[in-house]
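Read through the structure below, which is laid out as structure tokens, and then see the notes.
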Amino acid sequence: MQWDWSAVADFMPRFWDGVLVTLQALVLGSLIAFALGLVWAIAQRSALKAVRWPVTVITEFVRNTPLLVQLFFLYFVLPEWNITFSALTTGIIGLGLHYSTYTAEVYRAGIDGVPVGQWEACTALNMPRGRTWTAVVLPQAIRRVVPALGNYVIAMLKDSPMIATIGALELLGQARQFSAVTFQPTEPITVVGIAFILIAYPASLLMRALERRLVR
Amino acid sequence: MSAENTTPNDHANPAVDGSELIRFDKVTKRFGDNVVLDNLCFDVASGKHVTLIGPSGSGKTTILRLLMTLVKPDEGTIKVAGDYLTHEEKGGRLVPAGERHVREVRKSIGMVFQQFNLFPNMKVLRNITEAPVHVLGMGKDEAEERARELLELVGLTDQMDKHLSQLSGGQQQRVAIARALAMRPQVLLLDEVTSALDPELVAGVLDVLRDIAHTTDITMLCVTHEMGFARDISDDVLMFDEGRVIESGAPEKIFSEPEHDRTREFLSAVL
Amino acid sequence: MTDLTTGLWGLLFQGVWVTIQLTVLGAALGAFVAFVVGVARTNRLWIVRFLSGLYMEIFRGTSALVLMFWVFFVLPVAFGWQLVPMWAAVLSLGLTYGAYGSEIVRGALASVPPAQREAGIALNFTPWQRLRKIVLPQAWPGMIPPANNLLIELLKGTALVSVLGVGDIAFGASLVRNALGDSAPVYTIILVMYFVIAFVLTRGMRALERQAKANLGQAPERSRLFGKGRPAAATSTGGK
């Protein structure tokens, strides 16, 4: 095995550029996933079948099909409908949409975990439905779901290299471009792989600690 | 070591002439700072039925768990039929026993647990035949034949092909007794076997055990709160308190004229 | 959609076959890795526990796509190991998802009450017999729902190989897209294809779970539209 430290040094400026793009995708993708997931979760508890049913179908469909193909769909099909985004924006939307179907399940479990008595008390106090959600149910549910949401952020981090396939220059994209120029794939790809472990492992330890503290 | 702790040899076990099947020698067991057994010595002669009584937390169950090698002693040695249980002799020194040695000595011991601990992934019959076939190497037909006899003994012949979830607690415990006997143990350890049962199911289980006690020569070590049962089957009763044997003797003596205050207090609380 | 000729449909169905092969082989390797690593993590020797834990953290820590790039581009250059693309893909998928699976196996083994192990000792079973005859059969039904989630993740993960030139569904789709010059129909079709495969897999796993529970004498639970045991709340020990 040959290892060329000078190739690592040459790669580092691009590496940091890639880190920035990866983090950008992760933060914005997470925000979309958190918000949209909550919409799905509340819609699935709607009294109207016409709301519940389509939402269930959409979320099951998105969750059970590959993110990669969804990214291609967004990247190639949207322009045909005259909607054009940059590769990175498309990637962020794809990540956020895909993971919103996971966070929806997390919220659902959190909401189910709020005792029925809480809902009944709100009815007894004649609280409006919106107030019931924002003042009683969600505050109790959110606390329990924080670690699970965190775990999906970590999972999203590990799926984020997929947006390189539509041309976003995050970590893997930078590594590919670098090796295409220098014909040295070993160093950049290895460095990127290790970088993911170095970010994901402490993050998952943090989530396990949070889980112990917040859940139960 | 207290004087009381050595006395059991004198009267609890008349047979100190070398026919003892189980010998605890200065056994100490701690869980953290809590000394559960304190320098304990006692013997059980072959064929005897010994009942351990005493307040909870006094170390009775730990004795059974030590014998079954579910926990290891911190100090001291245990011998079963003349062999060290958790140690073996190598080059004249005692070293912690390997798995092979432990399994060889453990062969002669069977145990019935408070919570039955039957295997839910097997039906009734297979719970009983599994170990004879795969541990003793018995033929499948022979093991099933024997299992049927044992199920008859415990009165469950018609439950043979059922799942455990279809059985009552009392029935499950009787299956567990049959399972232990199927291994033809020399020693049977009974760990509060009726404590997890509904009151109306207790008698059926105790009847089976009485039957076994009176018709076989299996040595029994029994931890129980059923004093009537203890009186019926025991040759000796050992009273435990704070990790020590404070009194021992024939059941008639212990139950009618205990010498020790703690024994008297304990008995008046449970009888 | 009428523009799709028989030949183009053929490309897609060839892709379906490759995707199924990748899923089955990847799952087989993944299950093997999951059991070996999961059992090793309960070993009484600390070094065995440490090494199996290290394996899990490394392969769960890195990105599946980055690992795949590494196997495809770095292994041949750095070590001179040139694998057939199909096998390189199966290897990357199996090693990655096996690492996630090992956590399912370990968790399920740990959920079997210690009293069962004690009963096994009391009947003088060997440690291996205790694992095989007592602990594993009881742990097995609990493994199936999270394993199903992981299997769906694996199925979705197989799409990654298209980036590396293995002819799966997603790869077939890119060929068809080039031929048609129109993206919407073909990507809609293959998303539905993936969904159908996922649905069939989930139904199969549900049947397996019912059977496993029946063997323990437990009643099966009623399922929702798309199979119940979804990752209701993913924990750090769950899949994904």
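Side chains are part of it too, since the values below use all heavy atoms of this structure and drop only hydrogens, waters and symmetry mates. Lettering of chains follows the sequences in order, A, B, ..., and the numbering in each one begins at 1.
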Can you find a pair of side-chain heavy atoms, one from Ser63(C) and one from Leu172(A), that are under 4.5 Å apart?
-> no
Locate the shortest heavy-atom distance separating Glu60(A) from Phe195(C); write the atom from each residue and the value.
-> O-CE1, 3.6 Å
Mind checking which of residues 24-34 of chain A sit less than 4.5 Å from chain C, heavy atom to heavy atom?
-> none
Side chain proximity check, Val192(C) to Phe61(A), heavy atoms < 4.5 angstrom = yes
To the nearest 0.5 Å, what is the distance between CD (Glu105(A)) and CG (Asn149(C))?
-> 9.5 Å
Between Phe196(A) and Val66(C), is any pair of side-chain heavy atoms under 4.5 Å apart?
-> yes
If we only count heavy atoms from C-beta on, is the Leu67(A) to Lys156(C) side-chain gap below 4.5 Å?
-> no
Below 4.5 Å, heavy atoms only, C-beta onward: do Leu160(C) and Met162(A) meet side chain to side chain?
-> yes
Anything under 30° is parallel, anything over 60° is perpendicular, the rest tilted; go ahead and classify Tyr187(C) against Phe73(A).
-> perpendicular
Pick from Ala195(A), Ser179(A), Pro161(A), Gly150(A): which one has the most heavy-atom pairs with chain C under 4.5 Å?
-> Pro161(A)
For Val69(A) and Ala170(C), the nearest pair of non-hydrogen atoms, with its separation, is CG2-CB, 4.1 Å
Side chains of Thr65(A) and Ile190(C): closer than 4.5 Å at any heavy-atom pair?
-> no
Go through Arg208(A) and Glu103(C) one step at a time and tell me if the salt bridge (charged side-chain N to carboxylate O under 4.0 Å, His left out) criterion holds.
-> CA-CA 14 Å; Arg208(A) 281 174 225 178; Glu103(C) 193 59 13; over 6 Å; no
Heavy-atom closest contact (Pro66(A) atom, Ala159(C) atom, distance) | CB-CB, 3.7 Å
Drop me the distance from Ile189(A)'s CD1 to Met68(C)'s CE, to the nearest 0.5 angstrom.
-> 13.0 Å
Tell me, for Ser174(C) versus chain A, whether the close heavy atoms (under 4.5 Å) come from the side chain, the backbone, both or neither.
-> neither
Under the salt bridge (Lys or Arg N to Asp or Glu O under 4.0 Å) rule, what pairs show up with a residue in residues 73-102 of chain A, not counting sequence neighbours?
-> none
Compare every heavy atom of Val77(C) with every heavy atom of Pro185(A), then report the nearest pair and how far apart it is.
-> CG-CG2, 3.9 Å
Do you know which of Val192(A), Ile197(A), Leu198(A) makes side chain to side chain contact (heavy atoms under 4.5 Å, CB included) with Thr62(C)?
-> Ile197(A)
Please check if the side chain of Ser183(C) supplies one atom and the backbone of Val77(A) the other of a donor-acceptor pair under 3.5 Å.
-> no
Is any side-chain heavy atom of Phe69(C) less than 4.5 Å from a side-chain heavy atom of Arg176(A)?
-> yes
From Thr186(A) OG1 over to Phe73(C) CZ, what is the distance, rounded to the nearest 0.5 angstrom?
-> 11.5 Å
Greatest number of non-hydrogen atom pairs under 4.5 angstrom with chain A, of Val186(C), Leu65(C), Ile169(C), falls to Leu65(C)
